[in-house]
Amino acid sequence: MSEKVNIICRCEEIQIEEIRHWINKGYTNLEELKRILRITMGPCQGRGCRDIILREISMATGKPISELNTGVIRPPVKPIKFSLLAEDN
Amino acid sequence: MTVKTTDFIIVGGGVHGCATAYELAKAGYKVTLFESRYLSSGGSGRSAAGLRQHFGTEVNLHMAKYNLKVFPTLEEELDTGMDLEFRQWGYMWVAYTDSCLDQLKKNVALQKSMDIPSVIFTPDEIHERWPYLRLDGIIGAAFCGEDGHINPQTLTMAYGEAAARYGAVVKTYTPVQKLLAENGKIKGVVTESGEEWHAPRVLLAAGPHTRPLAATVGVDIPVYPERHNILISEPVEVFNCPMVLCLDDGAYFKQCPNGTFMFGRDDQDEPRDLGNEGNSVKFLAGVTASVLKRIPALSGVRVVRQWSGPYDVTEDHNAIIDWTPLEGLMVNCGWSGHGLQFGPSGGRVCKEMLVGEQAFVDLHRFRLARFAEGDLFFEPAFI
């Protein structure tokens, strides 16, 4: 049988074990995990991984997700081509 | 209230604070660092992550050389499991006017006299080496192939993590409300959560927050915030595009180790107040138009994210590393946009000064009194 791989952040190919490793080291804020692992900063901007990671933080800290820092959503929210932005109006 | 004591207090969990905590803890001193949010949450973690030996002043060049000596083995030394992404893909300053090129030539002459391998390139040499760059109208550029990139967030957090491993107390999410002084000497700090900590030596390394913090004990540090913006693209094939800084409108771009592209550009209309980390639509459109004409191959690539962060600016664009008039209170701030890369040298000199050793470089030019004396120390190579 092949080894089970559970990738949570597909943009950066981060596995659940890596996320748990850093949470266990005390990095229990999404902003910290983001800076160590690049999660939520790839092309999907956290659409794929944010909820799962927040659930992991919530389980590790015992805090409800509503009390956790959910990170900052930055423009342009969905990736757009440079050529569109550079066009003259 | 229970008062806790330590040998050294550092306020600010940016790269300078964390590197100083690391150097002190490694040398066996008791140190406590206070950060209002998480490590690297201020200017350090929001920086453009550039490393360079292109400066026009000797003291900055001495320290820049030391930084470049430390970076290649720093990930191994700090040993935290965090990837520092150190790369040496080069750094180029592109001149569009004779006066700019003359200044670059002066800077490069000084760099060469200090054994830094900088060169001046002609437009033809640039075109031959980087055929994908379309730098119409340039008259020359300064380039150093040893310069490059480091991940600003993991650099800062790894310093903090390693400091804690050596016994430093690193208190994140613990904003300092005010400093305490008694009989003309620093005494300690009070946190917003009501903790009181005492130490005979306190270092403020809080970027633009240094000024309001120092003001709580009547010390004026002439440093002010200035917001700057950056954007990042989706990753593309890695072709080691160096940092290219265009001195006509201040636009810059480079490829990062994971293949993404980073664009930035100055804007004089940006806010100059604390706590403003919002986004600028004007920046997004302006920087894209400016950079795309210089590297049109990226036109089909997508922008993923933009952000902003504060420079801690001084009148002469140079740092302040000095004891203040209040005995025991030291500051390291005012790096004006080039501070991230000075983490290794800044951490070392602050540790040396705090424990009473001779700093390994002469820091006279970074003294606080230069502003009052009108003896400003301008750095010609700043962005």
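Computed from heavy atoms alone, side chains included, the values below leave out hydrogens, waters and symmetry copies. We name chains A, B, ... by the order of the sequence lines, and we start the count at 1 in each one.
For the set Arg74(A), Lys81(A), Lys78(A), the count of heavy-atom pairs under 4.5 angstrom toward chain B peaks at Arg74(A). The candidate from Val291(B), Val304(B), Val281(B) with the greatest count of non-hydrogen atom pairs under 4.5 Å with chain A is Val304(B). Between chain A and the options Leu284(B), Leu292(B), Val301(B), heavy-atom pairs under 4.5 Å are most frequent for Val301(B). Each of Lys34(A), Met41(A), Arg38(A) has some count of heavy-atom pairs under 4.5 Å with chain B, and the biggest count is that of Arg38(A). Among the candidates Pro43(A), Cys44(A), Gly26(A), Cys11(A), the residue making the largest number of heavy-atom pairs closer than 4.5 Å to chain B is Pro43(A). The residue among Thr172(B), Asn151(B), Val303(B), Val287(B) with the most heavy atom pairs within less than 4.5 Å of chain A is Val303(B).
Residues Phe82(A) and Phe261(B) place their aromatic rings such that the two centres sit no closer than 6.0 Å.
For the side-chain contact (heavy atoms from CB on, under 4.5 Å) criterion with Glu85(B), the lone passing option out of Pro152(B), Pro257(B), Cys256(B) is Pro257(B).
At a 4.5 Å heavy-atom cutoff, the contact between Gln45(A) and chain B is made by side-chain atoms alone. Using a 4.5 Å cut-off between heavy atoms, Asp83(B) does not touch chain A at all. For Ile232(B), no part lies near chain A; criterion is any non-hydrogen pair under 4.5 Å.
Side-chain atoms of Arg294(B) do not come within 3.5 Å of backbone N or O of Leu133(B) as any donor-acceptor pair. A donor-acceptor contact shorter than 3.5 Å links the side chain of Thr61(A) to the backbone of Ile57(A).
Glu31(A) and Arg35(A) are joined by a salt bridge, as a carboxylate oxygen and a charged side-chain nitrogen come within less than 4.0 angstrom of each other. Under 4.0 Å is where a charged nitrogen must lie from a carboxylate oxygen, and between Arg165(B) and Asp79(B) no such pair does.
Atom-to-atom distance recorded for Ile80(A):CD1 and Arg302(B):CZ is 10.0 Å, nearest 0.5 angstrom.
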